Protein chains: 2
Amino acid sequence: MARTQPESDTRERILCAALKLFAEMGYAGACTKEIAREAGVAEVTLFRHFVSKDKLLEEVMSRFTFVSVMPQLLAEIAALPCEEALTTLAGRFIDYLVLRKDWVRIMQAEMQRAPAKLFTVYHAFLDDLLGGFVACFRQLQQRGCLGDFDLEQGARMFHGICFNYFNQEELQGRKNYKSTDRELVIREFVRIFLYGTCSRRSE
Amino acid sequence: MARTQPESDTRERILCAALKLFAEMGYAGACTKEIAREAGVAEVTLFRHFVSKDKLLEEVMSRFTFVSVMPQLLAEIAALPCEEALTTLAGRFIDYLVLRKDWVRIMQAEMQRAPAKLFTVYHAFLDDLLGGFVACFRQLQQRGCLGDFDLEQGARMFHGICFNYFNQEELQGRKNYKSTDRELVIREFVRIFLYGTCSRRSE
DNA sequence: TCGTGATGTAAGTAAGTACTTGCAATTATG
DNA sequence: CATAATTGCAAGTACTTACTTACATCACGA
């Protein structure tokens, strides 16, 4: 049957299904028959919208590419006391990663053998994240509530802890293996980070 | 031709080839013909040694399973000054991960759809790492050169930074995208960590 | 010299996968 | 009402993959 929905609805459903199954089973492990089934369409319909499976992957990664959340986070923490600003930053960043879990997972799995383009997109994504943390720390320094330290290294450290938390809990399923108190983890590392960066140049 | 080498040599070569290609292409993406070619054997030989492709994966993950390096690291840092102990700990831990890069990559990719056994093995591996860091920090506390802080959270923080460094530089290929001064990264995060944990209970 | 163990070559089976073609059905639109 | 757009169904092609069978070859030990 036809015209029960705009063509674009069908494309969106196929893209969402592909995102999900490429993330769960990998590119090679996700067959087009399964993707079509997950999208609720016939396999032949998938090939009416996308020239090939390779093209489908390309379009999935373009369609769901990251949009920088860092400017928004910068605005969110602007009026908060320092420690609360950092805990909020960490929490919202982890939330952002959780929303993009499938994209990140596909990127990590397929980037190696994908065209150089995906590789570059992923590392631009990481650059954006690190740059965003640098901007946040600079703002906090200017308010006088962060010490004088190497912002690049501090950003890398902060990002590393958050991303690894996300990686283990969400991508590696550690939350299904052993429960973790997310608030405690964030609170403690933020405190160590604050103390560690506040007293940096005093010697 | 035959008997040019012991049977066990052939098995080892197949297991090494499988480790490499499962890591590079994923389980579904690495076909048995390619694995055999990489091992320098005929495909039929692969199936003389391993009942099936699934069994091959199981044996790869058993054969190359992690051996805890944490007791050795504990011994290594025992006689070092605190800051040097922590930088050495971080460096040696990253080296250990780099050596097991293929195993970690396969685990991260295949654990989701693999039997629960792989899932448990991987998280036991993470437990071992975290426990090892806790033991190291406790030793340093007992020597009086680390502050009084939540060892579990500190271990998670320390591990997170190192593992994420490894993940990005080695697994995600960031070292091929932008060069990173590993010594600077380690030195700076250890200093922030030291300052952060030394002044924890003083308030 | 012969038997054994281990592997290679060649050819194959069964199933799965990416993708295509032809025709039918339904709905929206002019 | 006719047409166009979109999708489903069915059947298919070409190729790939996991795995098997039969026979040949070679090294080694008794």
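Within every chain, numbering begins at 1; the chains are lettered A, B, ... in the order of the sequence lines, protein sequences first and strands thereafter. For clarity, every value in this text was computed on a predicted model and none was experimentally measured.
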- [ ] Starting at atom CG of A/L57, determine the distance to atom C1' of C/dA18, rounded to an integer number of angstrom.
- [x] 15 Å
Open item on the list: One thing to verify: whether B/R182 and B/E188 come together as a salt bridge, which I'm taking to mean a side-chain N less than 4.0 angstrom from a carboxylate O.
Closed with: no
TODO: Evaluate the ring planes of B/F158 and B/F137, with Trp represented by its six-membered ring, and classify them as parallel (under 30°), tilted (30 to 60°) or perpendicular (over 60°).
DONE: perpendicular
Task: Between D/dG8 (P) and A/I14 (CD1): distance, integer Å - done: 8 Å
TODO: Find the distance B/K53:NZ to C/dA14:P and express it as a whole number of Å.
DONE: 21 Å
TODO: Could you tell me whether the phosphate oxygens of D/dT17, OP1 or OP2, come under 4.0 Å of any side-chain nitrogen or oxygen in B/K33?
DONE: no
Task: Distance, rounded to the nearest Å, where A/L56 contributes CG and C/dA18 contributes P - done: 10 Å
Task: Under 4.0 angstrom between B/T32 side-chain N/O and D/dT17 OP1 or OP2 - done: no
Open item on the list: What is the separation between atom CZ on A/R37 and atom P on C/dG16, rounded to the nearest whole Å?
Closed with: 12 Å
TODO: May I ask you to say what A/G29 touches in the nucleic acid, namely base, sugar-phosphate or nothing, with a heavy-atom cut-off under 4.0 Å?
DONE: nothing
- [ ] Could you tell me how the ring of B/F125 sits relative to the ring of B/Y96: parallel (under 30°), tilted (30 to 60°) or perpendicular (over 60°)?
- [x] tilted
- [ ] Anything under 30° is parallel, anything over 60° is perpendicular, the rest tilted; go ahead and classify B/H159 against B/F163.
- [x] tilted
Task: Any donor-acceptor pair under 3.5 Å from B/R105 side chain to B/L171 backbone - done: yes
Distance-only donor-acceptor pairs under 3.5 Å for side chains of residues 79-94 of chain B, two or more places apart:
from	atom 1	to	atom 2	distance (Å)
B/T87	OG1	B/E83	O	3.2
B/T87	OG1	B/E84	O	3.0
B/T88	OG1	B/E84	O	2.8
B/R92	NE	B/E76	OE1	2.9
B/R92	NE	B/E76	OE2	3.2
B/R92	NH2	B/E76	OE2	2.6

- [ ] Specify the separation, in whole Å, of atom CD of A/E12 and atom P of D/dT7.
- [x] 13 Å
Open item on the list: The test is side-chain contact (heavy atoms from CB on, under 4.5 Å); show your working for A/L97 and A/E170 and say whether it passes.
Closed with: CA-CA 9 Å; A/L97 290 176; A/E170 299 294 331; over 6 Å; no
Open item on the list: I need the CZ-P distance between B/F22 and D/dT17, as an integer number of Å.
Closed with: 14 Å
- [ ] Quickly work out the A/D9 CG to C/dA28 P distance and round it to whole Å.
- [x] 13 Å
Task: Positions of residues 42-52 of chain A (non-hydrogen atom under 4.0 Å from DNA chain C), listed by number - done: A/E43, A/V44, A/F47, A/R48, A/S52
